[in-house]
2 protein chains.
Amino acid sequence: MKQMSEALLGEVSQKFKVLSDPIRLRILHELQAGERTVNELVAATRSSQPNISKHLALLKTAGLVHRRKQGNQAYFSIAAPYIFELCDIVCGGIAEELEKKNQSLA
Amino acid sequence: MKQMSEALLGEVSQKFKVLSDPIRLRILHELQAGERTVNELVAATRSSQPNISKHLALLKTAGLVHRRKQGNQAYFSIAAPYIFELCDIVCGGIAEELEKKNQSLA
DNA sequence: AGCATATTTGACTAATTTACCAAGAAGAAT
DNA sequence: ATTCTTCTTGGTAAATTAGTCAAATATGCT
């Protein structure tokens, strides 16, 4: 990583902020399996419909999901596949931490 | 990514939350060049000293940095190198977005 | 037109997060 | 001992964010 401008730093932190909510991660995880309507996502998350709608709006503003409207429904899909790479790396880090914790107990 | 438990989702989102602040990213970026004392980090960020100290405490709790106390000073260093990978990916995503935006203007 | 379904938006509340200030703690220097 | 430096912590005010409910919008159906 070279010199980071204040502006870039701000943008990066905002992306992370969008990813810093379990419900939004759940939504993205669900979308990984393919396009979903709002109602399908509501069912997958057990949160209220307006709430999910707002989270989706946020994800869309951040450019992480795409929205397609057809008839009555809105279909959402992943717009930035790199997010799964991010999650995988973090999961790896968490697994490593756990391993270390277990080793220190032994 | 396989099935994600609610618990793991929560942990992952918390890691992202820690990374979702420009000052903390600046600190981490500074630490990428090597160990630093609190005061050096204050100088690098132009934020107040207590504020940096709190951000450092947060980063430490999250397991992202390591703290070593020697004499009067506390030396901080990177504990989870994977964070730079994360930032690189996000930067790549941002660059891609920008490119797309520029293309659509042309 | 009138009703039903799917989704978004606005107003509001509660919770979380950030930054600031002042005070505290720990070590080094005199 | 006391004073200086470095760092951490507690209290608090301001800002941001998540959630809920109710109302609005948009489309499809009869």
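All chains are named by letter (A, B, ...) in the order of the sequence lines, taking the proteins before the strands, and each is independently numbered beginning at 1.
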Practice item. Please check the phosphate of D:dC7 (OP1 and OP2 only) for any side-chain N or O of B:R67 closer than 4.0 Å. Key: no
Practice item. Classify the nucleic acid contact of A:Y75 as base, sugar-phosphate or nothing, counting any heavy atom under 4.0 Å across all strands shown. Key: nothing
**Study point:** Beyond-backbone contact of A:E35 with A:H66, side-chain heavy atoms, under 4.5 angstrom
**Key:** no
**Study point:** Contacts of type side-chain hydrogen bond (donor to acceptor under 3.5 Å, both in side chains), residue B:E97, not counting sequence neighbours
**Key:** A:K15
Check your understanding: Sequence neighbours excluded, which residues qualify as salt bridge (charged side-chain N to carboxylate O under 4.0 Å, His left out) partners of A:E99?
Key -> none
**Study point:** Nucleic acid contacts of residues 13-21 of chain B, taken as heavy-atom distances under 4.0 Å to DNA chain C
**Key:** B:K17, B:D21
Study note, to complete from the structure: B:L58 atom CG is separated from C:dT17 atom P, nearest whole Å, by 8 Å
Practice item. Starting at the 5' end of nucleotides 22-30 of chain D, put B wherever the base has a protein heavy atom under 4.0 Å, S where only the sugar-phosphate does, and a dash everywhere else. Key: B---BBS--
Check your understanding: Just by distance, do the side chain of B:T61 and the backbone of B:A57 share a donor-acceptor pair under 3.5 Å?
Key -> yes
Practice item. Check DNA chain C against residues 34-49 of chain B and give the residues with a non-hydrogen atom under 4.0 Å, in numerical order. Key: B:S48
Revision key, fill the gap. Between CD1 of A:I27 and C1' of D:dG19 the distance, given in whole Å, is 13 Å
Exercise for review: Quickly work out the B:N51 CG to D:dA15 P distance and round it to whole Å.
Suggested key: 16 Å
**Study point:** salt bridge (Lys or Arg N to Asp or Glu O under 4.0 Å) contacts touching residues 42-62 of chain B (sequence neighbours left out)
**Key:** none
Point to revise | Side chain to side chain, B:Q73 and B:Y75, heavy atoms closer than 4.5 Å | key: yes
Review point. Once you round it to whole Å, what is the distance between P of C:dT9 and CD1 of A:I52?
Key: 15 Å
Review point. Please give, in whole Å, the distance from C:dT9 P to A:H55 NE2?
Key: 15 Å
Practice item. Starting at atom CD of B:Q73, determine the distance to atom C1' of C:dA25, rounded to an integer number of angstrom. Key: 16 Å
Practice item. Name the nucleic acid region contacted by B:L56, choosing base, sugar-phosphate or nothing; use a 4.0 angstrom heavy-atom cut-off, strictly under. Key: nothing
